[in-house]
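Notes for the one structure printed next.
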Amino acid sequence: MEKMDNSHSSQLAGKTYEVEDYKSNNTLSSGLATTHEQASDAYMEGEVKAVIDNVDGEDIQVNREGYENQ
C-alpha cells in the first residue's frame with residue numbers, strides 16, 4: 001500500500017483564526033472567520049440560548065439538541 005502524503009492535512013489542522021480571514025476568498029479562512037464571529041457573539045451575549053444574526057437582521061435560534069435526537 002502506498003503511503004499517503006499528509007502534509008496538506010497538517011497545514012489545515014494547524015490553521016488558526018486571523019483577522020485577515022474576514023476578507024479571504026479561501027473557504028477555510030472565511031469559515032474560520034464566521035465561526036470566530038459566532039463564538040464571539042455567543043460569548044459576549046452571556047446566554048446559554050445563543051442566536052445567530054443572519055443578513056436580514058433576523059435572529060436564528062441555535063438548537064441545543066444532542067446527537068441522539070437528530
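As the structure is a computational prediction, the values presented were derived from the model and not from experiment.
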### Residues in side chain to side chain contact (heavy atoms under 4.5 Å, CB included) contact with Ser40, at least two apart in sequence or another chain
His36

### Message
On a heavy-atom basis, which atom in Ser29 and which in Asp21 lie closest, and how many Å separate them?
### Response
O-CB, 3.2 Å

#### Entry: Donor-acceptor pair, side chain of Asn26 and main chain of Leu28, under 3.5 angstrom
yes

### Task
Would you mind reporting whether Lys23 and Ser30 have side-chain heavy atoms less than 4.5 Å apart?
no

### Query
Rounded to the nearest 0.5 Å, how far apart are OH of Tyr17 and OG1 of Thr35?
11.0 Å

